[in-house]
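Atoms within a ligand are numbered from 1 in the order they appear, just like the ligands themselves.
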Amino acid sequence: MVRYLTELSLDAFVDAAENVPYQQINSELFPNIDLWVRRDDLIDPIISGNKAYKLIYNLLEARKLGKDTIVTCGGAWSNHIHATAAAGQRFGFKTIGIIRGERPPVLGAMLQDAERFGMELRFVCRSDYRKCRELSLPASLGLKMEGSWFVPEGGANSLGASGVRLLGRVIRETSPVAFDQCWVACGTGLSLGALASGLPPTIKLFGVAVLKAEKSILAAVKEWGLAGSRPMRTTLIADGHQGGYGKVNDRLLAFQKELEQKAYLPIDHVYTAKVIYALMRRCTQLKQGRHSKRQWKVLLVHTGGLQGRRGIV
Ligand SMILES: *Cc1c(COP(=O)(O)O)cnc(C)c1O
């Protein structure tokens, strides 16, 4: 049964998060581990994945303050833009998306969705866009911000981090087995950092960088991981990006297809495919090396992004 988030309340959101299924993967692709995928792509079919968690406290805050508009920014295939536009339509906010680059003659599927969800798109050149993490960008575009709530790119603010910590708490409370490891994709690194401070210390965290940004990801992990949360528990696999953001190759695409067919696991090529690929490689290395008798229980967080699959040509 498909569930939709129907009202903007913390209780309803937590209820949806607690009902996200864990899918056990039985496949020879992952020898020596007991792999489970937490299907946060299913928390809502459209306000999906970690973007839903990063948005929830932002939306609640906007509503509390009486703001009727959400202003945010992102690239032409940003899952965050997509989720924000959908959330605005669902919960009755106007949305303005500041998009990096020029307006193309024909909008891609993602931006078409965003417009259909009612988002007003403003295209800005790349140099202006760099200011988008700052509140000054909307103002510099002449947007009146009194009635608006600004969410930075990717949902990367402290309310976004609180939402991902909530995910950590839900995982703690709903895990079907006692996990040894948790794997997650890293774009900004906020999710990895916030999960590190939300999960119990017995779980080792692995982040897979989907772009060449080791330094900024490590800085984000530190920033959002709450002072004093054990950085030693967190491992960043910095070379998991397979050439850079959104870059794919035949090997990765074949792996993605195999996983979909054999394990019934739909994944996107920008984020989750790269995480599972890195995990698969690590399993194979374990198998080739000394055999550990212990079968690690591994949780992979499916952070969503399936809408972006339409971007592959
Ligand atoms: C945005 C996104 C991420 C990256 O999350 P960060 O918190 O920026 O590291 C991972 N997976 C998917 C599907 C995303 O859309």
Distance to 0.1 Å, residue and atom name: give those for the protein heavy atom nearest to atom 4 (C) of ligand 1.
Gly187 N, 3.5 Å

Do Lys51 and His82 come within less than 4.5 Å of each other through their side chains, counting heavy atoms only?
no

Between Thr303 and ligand 1, which part of the residue brings a heavy atom under 4.0 Å of the ligand: side chain, backbone, both or neither?
both

Atom 14 (C) of ligand 1 has as its nearest protein heavy atom Lys51 NZ, 2.8 Å

Going by the 4.0 angstrom heavy-atom rule, the piece of Asn50 near ligand 1 is side chain

Within 4.0 Å of some non-hydrogen atom of Gly305, the atoms of ligand 1 are 13 (C)

With a 4.0 Å cut-off on heavy atoms, does Lys54 reach ligand 1?
yes

Strictly distance-based, threshold 3.5 Å: is any side-chain N or O of Asp268 a donor or acceptor partner for the main-chain N or O of Thr272?
yes

Members besides Val2 in its Ile/Leu/Val/Met/Phe/Trp/Tyr cluster (side-chain heavy atoms under 4.5 Å):
Tyr4, Ile46, Phe117

Hey, are Glu260 and Arg309 close enough for a salt bridge, meaning a charged N less than 4.0 Å from a carboxylate O?
yes

Would Gly49 count as a contact residue for ligand 1, given that I'm defining contact as a non-hydrogen atom of the residue lying under 4.0 Å from a ligand atom?
no

Ligand 1 to Cys186, heavy atom cutoff 4.0 Å, flagged ligand atoms 9 (O)

Take atom CZ of Arg172 as the centre, draw a 6.0 Å sphere, and report whether it contains more than 12 heavy atoms from other residues, nucleotides or ligands.
yes

Once the angle between the rings of Phe30 and Phe255 is folded into 0 to 90°, is it parallel (under 30°), tilted (30 to 60°) or perpendicular (over 60°)?
perpendicular

Does Trp36 have its ring centroid less than 6.0 Å away from the ring centroid of Tyr22?
no

Should you measure from each heavy atom of Asn79, which atoms of ligand 1 turn up under 4.0 Å away?
13 (C), 14 (C), 15 (O)

Backbone or side chain, does any N or O of Thr188 fall under 3.5 Å from an N or O of ligand 1?
yes

Can you tell which of Ala209, Gly304, Ala220 gets a heavy atom nearest to atom 13 (C) of ligand 1?
Gly304

Looking only at heavy atoms, is any part of His80 under 4.0 Å from ligand 1, and if so is it the side chain, the backbone, or both, or is it neither?
neither

Which protein heavy atom lies closest to atom 10 (C) of ligand 1, and at what distance to 0.1 Å?
Tyr271 CD2, 3.2 Å

Can you pull out the closest protein heavy atom to atom 7 (O) of ligand 1? Residue, atom name and distance to 0.1 Å, please.
Ser191 OG, 2.7 Å

Evaluate the side-chain contact (heavy atoms from CB on, under 4.5 Å) criterion for residues Arg38 and Val170: first the C-alpha distance (whole Å), next the side-chain angles of each, then the deciding distance (0.1 Å), finally the verdict.
CA-CA 11 Å; Arg38 188 182 146 86; Val170 169; 3.8 Å; yes

Looking at Arg3 and Asp15, does any basic side-chain N land under 4.0 Å from a carboxylate oxygen?
yes

